[in-house]
Amino acid sequence: MATRVAFENSNEIGVFAALTNGYCLTGINRSENFYSVFEAELSSHIPVIHATIAGCRFVGRTTVGNRRGLLVPSTCTDQELAHLRNSLPDSVVVQRVEER
């Protein structure tokens with residue numbers, strides 16, 4: 001089954017959400033519609049987490065991960081990193097990538 005969803009009139013939802021077979025990250029939005037689509041379809045299977053990265057809503061563009069781990073950029077704040085670590089399952093390792 002396919003479901004249509006838009007993030008503030010943008011169909012590029014991969015920029016604002018990151019989905020793996022272990023969790024779903026969604027960018028914080030003023031509208032609950034975006035969240036409710038993910039929560040309605042996925043929350044019984046995997047956790048749906050509302051987050052920001054470096055204060056920005058485009059979590060899909062700034063993170064990369066799978067069911068075992070999540071990499072976030074060095075611009076991710078300590079508070080955001082703690083939120084992700086507390087919200088994700090214990091089997092998911094969250095790692096900040098420091099620039100060289």
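One-based numbering along the sequence shown.
Residues I53 and P73 are in side-chain contact: their nearest non-hydrogen atoms beyond the backbone lie under 4.5 Å apart. Taking 4.5 Å as the limit, every side-chain heavy atom of Y23 sits out of range of all side-chain heavy atoms of V48.
No hydrogens or angles considered: nothing links the side chains of S36 and E39 as a donor-acceptor pair under 3.5 Å.
In terms of heavy-atom proximity, E98 sits nearest to S74 at OE1-CB, 3.8 Å. Shown here for E80 and T52, the closest heavy-atom pair between the two residues is OE2-OG1, 2.7 Å. Of all heavy-atom pairs spanning R96 and D78, the tightest one is NH2-OD1, 2.9 Å. The minimum heavy-atom distance linking T20 with I46 is given by the pair O-CD1, 3.7 Å. Nearest heavy-atom pair, F38 versus A17, reported as atom, atom and distance to 0.1 Å: CZ-CB, 3.8 Å.
C24 SG to H50 NE2: the interatomic distance, rounded to the nearest 0.5 Å, is 9.0 Å. In this structure, the separation between CG on L84 and CD on Q79 is 11.0 Å, given to the nearest 0.5 Å. To the nearest 0.5 angstrom, I49 atom CD1 is 12.0 Å from I28 atom CD1.
If you chain together hydrophobic residues whose side chains sit under 4.5 Å apart, F16 and V59 never meet in one group. Hydrophobic clustering, with ILVMFWY side chains joined whenever heavy atoms are under 4.5 angstrom apart, keeps L42 apart from L88. If you chain together hydrophobic residues whose side chains sit under 4.5 Å apart, L19 and V15 fall into the same group. One hydrophobic cluster, built from ILVMFWY side chains closer than 4.5 Å, holds both V97 and V64. When the side chains of ILVMFWY residues are joined at heavy-atom separations under 4.5 Å, either directly or via intervening members, L71 and L81 end up in two distinct hydrophobic clusters.
Of the charged side-chain nitrogens involved, none lies within less than 4.0 Å of a carboxylate oxygen, so that D90 and R85 do not count as a salt-bridged pair.
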Pair V93-L70, side chain to side chain contact (heavy atoms under 4.5 Å, CB included): steps then yes or no: CA-CA 6 Å; V93 177; L70 176 67; over 6 Å; no
Stepwise side chain to side chain contact (heavy atoms under 4.5 Å, CB included) test for H45 and N21: CA-CA 9 Å; H45 306 288; N21 57 353; over 6 Å; no
